[in-house]
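Below: one structure, written as structure tokens.
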There are 2 protein chains.
Amino acid sequence: MPVTIKDVAREAGVSISTVSRVITGDSRISQPTREKVRAAMARLGYHPNAIARSLVRQRSNTIALVMSRAPRLAMAIPFYPEIIGGISEYATAEHYHLMLVSSESREEECVQTLQLLRHRRVDGVIHLATRIKDPLIDTMRREGHPFVVIGRVPGVEVPSVNNDNVAAAEMAVTHLLDGGYTSVAYVGGSPDLVVTWDRREGYCRALTGRGIPVREDWIICRESTAEAGYEAGIELLSSPDRPQAIFAMDDTLAAGVLKSARKLGISVPQELGLVGFNDDPFSSLIEPALTTVRIPIFEMGREAARMLIGLIGGSSPSQNVVVPAELVVRQSSRRRTPPAG
Amino acid sequence: MPVTIKDVAREAGVSISTVSRVITGDSRISQPTREKVRAAMARLGYHPNAIARSLVRQRSNTIALVMSRAPRLAMAIPFYPEIIGGISEYATAEHYHLMLVSSESREEECVQTLQLLRHRRVDGVIHLATRIKDPLIDTMRREGHPFVVIGRVPGVEVPSVNNDNVAAAEMAVTHLLDGGYTSVAYVGGSPDLVVTWDRREGYCRALTGRGIPVREDWIICRESTAEAGYEAGIELLSSPDRPQAIFAMDDTLAAGVLKSARKLGISVPQELGLVGFNDDPFSSLIEPALTTVRIPIFEMGREAARMLIGLIGGSSPSQNVVVPAELVVRQSSRRRTPPAG
DNA sequence: TATGTTTATGCAAACGTTTGAATAAACTTC
DNA sequence: GAAGTTTATTCAAACGTTTGCATAAACATA
């Protein structure tokens with residue numbers, strides 16, 4: 001039986017309310033009383049019970065992160081840890097706690113998240129990596145729970161932080177075309193993620209902008225794993241009629257593609273140009289170092305946390321933050337001899 | 001104002017207790033009443049308030065993970081996400097929730113974790129990556145909070161899950177010596193982590209077992225980052241009197257060492273043998289593929305969660321689980337021509 | 001001295017559950 | 001048909017806080 005506010009009140013010879021007011025920092029308490037209560041708390045080793053406080057305040061001071069992917073898959077992509085770091089930093093500073101929702105199946109994840117919200121265990125949700133059609137988002141909107149997405153929800157206005165994936169992908173593919181690679185394929189992640197389609201759209205725009213027709217058989221979208229990237233690479237590169245370059249939706253996929261090229265004896269960047277996305281930590285370490293698109297992932301997390309906590313506090317409903325993207329040119333997209341023309 | 005148990009009771013024409021007993025699945029409630037209450041709950045869209053339940057049950061059904069590292073550093077090491085996946089899986093199945101503690105400074109982290117426990121926001125803690133002298137562990141022991149460490153606390157008996165790092169490191173270094181590399185250096189992570197010293201110990205044993213003296217200048221322990229690995233590699237390999245092989249404490253460090261070798265024009269595995277630890281996902285992708293030690297990280301997480309939840313439930317106090325380690329031999333430790341003798 | 005104002009504290013009602021003990025009704029048993 | 005047993009339900013006291021309102025004391029004002 002831990003010591004409660006009642007014990008402190010008795011010890012200090014004041015009422016419970018007074019102790020409570022000392023805890024919450026109410027200015028009406030006189031200095032002597034304040035000190036008396038503080039001393040009693042210290043003597044007894046008192047720590048206020050956050051659960052009881054939550055009950056009366058109707059606020060848990062906790063937010064949930066939903067990852068939209070199985071934990072072992074999600075966290076293996078450095079994007080997630082990085083974004084969590086950003087969220088964590090801001091939330092901690094604002095005295096919020098972080099709950100991690102992660103589940104193998106989407107249905108499970110959806111159920112768990114809604115439970116957390118409905119049971120009032122968390123005050124709001126940050127949703128990482130939005131899907132094309134996500135019942136969780138619909139339900140949260142309908143029930144009026146505060147939430148922020150990292151990404152974009154097609155068709156509806158929801159508070160979000162995102163980068164312009166279409167423009168960034170277009171920039172990446174244009175870079176390949178400028179580098180003398182005349183044909184480019186696209187390897188994407190899961191087709192039910194919005195980001196897969198946005199980057200695909202940018203890829204298509206870059207091609208059609210140059211009058212190059214889009215070949216459907218050069219677009220492969222499966223999962224964001226190195227294995228999927230490897231298999232996509234094998235499929236694309238085995239044919240004699242193969243693309244000169246590949247734009248992969250993220251660095252993990254690009255690493256898989258790289259492996260497939262090595263396996264097939266195709267040299268990068270001489271015979272194949274390759275560009276990834278995210279600038280994962282390992283991207284500068286692999287051989288050849290990977291050209292990639294860098295976005296301020298940590299800052300995106302921080303911004304999402306800021307928006308969510310604002311929302312919980314009752315601030316204006318919907319806003320959207322767009323962060324910049326930057327091309328990081330390394331070896332994988334740079335032929336040693338510039339193209340003849 | 002969300003609907004409460006009181007509303008349901010009124011709607012169903014029964015007492016609050018009866019509704020509560022339906023929720024908790026008390027067998028004494030008759031079938032007709034049970035159905036009547038269920039119907040009322042459905043009609044009203046009722047969801048029980050977990051905070052109120054926690055208050056009376058004196059249990060939050062939440063556990064905390066403390067990472068012992070700054071989030072952006074920690075999570076960048078694939079070990080962490082993987083272990084979190086294992087914890088998450090088991091905890092979810094047992095209806096426990098996961099809180100993530102992560103902070104830039106250790107003091108902050110310690111304070112935050114203790115607050116979580118003292119304020120009764122969480123029922124217990126899983127502590128990842130133990131340090132040589134950790135005030136948090138001491139305090140949790142003293143105050144009697146349930147916790148499990150992943151790693152080992154020197155000198156005291158605490159519930160833990162760990163692999164035998166000394167033996168595993170000895171195995172890795174012996175493998176290098178067996179492969180004909182006659183001298184080996186050690187690159188470790190942060191010197192205040194227990195694991196850094198355990199693997200160092202295994203390294204020393206392998207050497208002295210072969211009658212090879214340990215050279216202090218061939219032991220470099222800084223941080224577990226690719227950058228630190230790179231710098232250590234440069235230091236070790238720049239001298240003409242350089243080791244023939246390097247055992248790195250983890251794959252991230254090994255990747256950095258590899259980069260330094262490439263920079264200095266030293267070929268791996270011909271002129272330098274290299275072994276890492278953890279079998280991170282990228283380790284089979286880099287060139288040459290990295291020889292490494294694989295431990296069942298996901299399962300370690302799951303086991304830690306099982307132990308902690310048992311402890312919270314009041315099971316026997318202290319036990320230790322040791323998981324096996326396995327050497328995964330790839331290119332980085334294999335000279336093309338076997339050594340002459 | 002009576003009156004109004006400020007300042008510091010206490011009272012008691014929430015917040016939304018769970019649960020031991022009491023009660024009432026329905027069955028047994030002899 | 002009285003006494004004992006089982007079954008289904010309700011009562012009311014927790015759990016540990018916060019906070020609007022009331023109160024009392026101290027001070028200023030007239």
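Remember, it's a predicted structure, so these values are computed and weren't measured experimentally.
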* **Distance in angstrom units between B/R21 CZ and D/dT7 P, rounded** => 16 Å
* To do: Represent DNA chain C in dot-bracket notation, 5' to 3'. Only Watson-Crick or G-U wobble pairs with both distances under 3.5 Å count; pseudoknot-style crossings use [ ] and interstrand partners use |.
  => ||||||||||||||||||||||||||||||
* For DNA chain D, whose closest nucleotide is more 5', that of B/R34 or that of B/R57? -> B/R34
* To do: Quick one: label B/I16 by what it contacts on the DNA or RNA (base, sugar-phosphate, nothing), any heavy atom closer than 4.0 Å.
  => base
* Contact class for B/T4 vs. all strands (heavy atom < 4.0 Å): base, sugar-phosphate, or nothing? -> sugar-phosphate
* Where chain B begins and ends its contact with DNA chain C, read 5' to 3' at 4.0 Å from heavy atoms -> C/dG16 to C/dA21
* To do: Could you tell me whether B/T18 contacts a base, only the sugar-phosphate backbone, or nothing, with contacts defined as non-hydrogen atoms closer than 4.0 Å?
  => base
* Asked: Can we say B/R106 and B/D192 salt-bridge, meaning some charged N sits less than 4.0 Å from an Asp/Glu carboxylate O?
  -> yes
* **Short side-chain N/O contact from A/S17 to OP1 or OP2 of D/dT19, under 4.0 Å** => no
* Indicate, with a heavy-atom threshold strictly under 4.0 Å, whether B/S30 touches base, sugar-phosphate, or nothing. => sugar-phosphate
* Asked: Which part of the nucleic acid, if any, lies within reach of B/S54 when heavy atoms closer than 4.0 Å are counted: base, sugar-phosphate only, or nothing?
  -> nothing
* Structure fact -> Exactly one candidate in B/I23, B/T18, B/V22 meets side chain to side chain contact (heavy atoms under 4.5 Å, CB included) with B/I5; the answer is B/I23
* A/P296: partners by side chain to side chain contact (heavy atoms under 4.5 Å, CB included), with sequence neighbours left out -> A/E299, A/V323, A/P324
* Can you measure from CG (B/L128) to CZ (B/F79) and round to the nearest 0.5 angstrom? => 7.0 Å
* **Gap between atom OH of B/Y90 and atom CZ of B/R302 - 0.5 Å precision** => 10.0 Å
* **Closest-nucleotide 5' rank along DNA chain D - winner of B/I29 and A/K6** => B/I29
* Answer yes or no: is there a donor N or O on one side and an acceptor on the other, between the side chain of A/D123 and the main chain of A/N61, under 3.5 Å? => yes
* Examine distances only and state if a side-chain atom of B/S160 and a backbone atom of B/I150 form a donor-acceptor pair shorter than 3.5 Å. => no
* So, does A/S60 use its side chain to make a donor-acceptor pair with the main chain of A/R121 at under 3.5 Å? -> yes
* Asked: Over how many whole Å does the gap from B/D26 atom CG to D/dT7 atom P extend?
  -> 13 Å
* **Length of the line joining B/L55:CG and D/dA13:P, which is rounded to integer Å** => 17 Å
* Is there a donor-acceptor pair under 3.5 Å between the side chain of A/Y80 and the backbone N or O of A/M67? -> yes
